[in-house]
Colleague: 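Let me begin by handing over the structure; questions about it come next.
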Amino acid sequence: MARKTQELGRFTDVALLVLISLAEGQKHGYRMINDIEEFSGTALEPGTLYGALMRLEDRGWIEPVESAERRKPYRITDGGRAALSEQLATLRRIEQAGARRTGIAWGPA
Amino acid sequence: MMRAVAKAMISLYPKAWRQRYGEEVADVIDARPARVRTVVDLVVGAADAWLHHRRVPGAGPLRVPLATILACAGAGLLLLWNPGMRDAADLASLHGVWAEAAGRGMLAEQLHGLARLLYATAAAAAVLSVVPLVFTCLTAMRRSGDRVTRITAGRIFVTAVLLAVPVAMIGLGFVGMAFLDIGYPVGPLGEAMVGGFLVPIIMATVLALPMMAMGVPSLGSYVRGTGRILMGAAVTNAAAWLCVVVLLAMGLEQASWSFVGIMAVSAFVSMYMAALVVRNAWGRGRTVLDRLKPA
């Protein structure tokens, strides 16, 4: 996964946030920004968001949904879901290693 | 205010990006508070989109507009002449090469005269190449039954009148420096080569007219004719550079490396620019005439 996301450069984190946001259902840009701010506290600006959307679309991890409206929704693809699972698993391993080394014990969420 | 500035930043993105995401981004800007960081983020995003142009869905190969290439090449030629050739490459080489070449016999004088004549011919051909088109436009803007033809012909004629001023100034500069010993003293070698820095700029300037005319099928043959004459001008320009190169070879012992380098770059840019003008004029003429052929 690390190799797959390397090419995303500074958009790696933003791409993860977008994939998580779209994992629960299709959304357009404005709703994505609000959703990401809500669950992560990260306030994305449009230039950054669409830089990440361009890369994710280029990789086939998300796709636009046909819409007559000005606000075009995007949905996550199967490839995007697989990439998200891999990245979350990596983060889980990192989190476990960090918790073990620092002695932090997380309680139930 | 900040929202308007942020929306204006969308115009900084590549065309393919704007077509794909422009409306959506405008919608997001409309729906959210716009701040300075929004504007900065969009500017950075635009730079990123240009750098990764191929990733934009549906983007074709990145094309720099012809006008930009020609403007940069023209500015480059002027800078290569002054300060490049006249100052940076040292005047000692300019005069030394000529003295050395002239010491080898009459050939240097003949090449000096021939180069100036060829550049003057190329410049004259470039200007004359659009004369038939301009006169046809003058007639068409009064008499054509087609409204589009009349309007386009009028625009071409007005543009021709406006372009006459810079073309005349460049032409006078060339004649003054090459034939009348006016301006900075660059010696016979400078006189022989100055045309190579100015002729492609004249060619690029007049190219605007056939480019405008290509939308009107009835002007197609004139666009093609302009391309044909411009091709002759480009070949003449190349032949004149050949004379200059022979002169340089004759006096090479007196030339500094910077002088030879700047001269080589100048010759390349000059011929490349002329070839680009011909390619476009010729290609556009063929496109217009192809449209007239029955399917």
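Letters A, B, ... are given to chains in the order of the sequence lines, protein chains preceding strands, and every chain is numbered from 1.
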Colleague: In plain terms, say whether A/K72 and B/E23 are close enough for a salt bridge, that is, a side-chain N and a carboxylate O under 4.0 Å apart.
Modeller: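 Answer for the salt bridge query: no.
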
Colleague: Could you go through A/I36 and A/V18, starting from their C-alpha distance and side-chain angles, then the distance that decides it, and tell me whether this counts as side-chain contact (heavy atoms from CB on, under 4.5 Å)?
Modeller: CA-CA 7 Å; A/I36 289 168; A/V18 169; 4.1 Å; yes

Colleague: Could you give the distance from CG (B/L162) to CZ (B/F157), rounded to the nearest 0.5 Å?
Modeller: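 Going from the CG atom of B/L162 to the CZ atom of B/F157 covers 10.5 Å.
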
Colleague: Between A/F39 and A/S21, is any pair of side-chain heavy atoms under 4.5 Å apart?
Modeller: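 Of all side-chain heavy-atom pairs linking A/S21 with A/F39, at least one is under 4.5 Å.
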
Colleague: Quick check on the interface: out of B/I29, B/V43, B/V28, B/V40, who has the most heavy-atom pairs with chain A under 4.5 Å?
Modeller: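 Looking at each of B/I29, B/V43, B/V28, B/V40 in turn, B/V28 comes out on top.
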
Colleague: Heavy-atom distance under 4.5 Å to chain A: side chain of B/R37, backbone, both or neither?
Modeller: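 The answer is both parts of B/R37.
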
Colleague: What part of B/A6 gets within 4.5 angstrom of chain A, counting heavy atoms only: side chain, backbone, both, or neither?
Modeller: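 Looking at B/A6, nothing touches chain A.
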
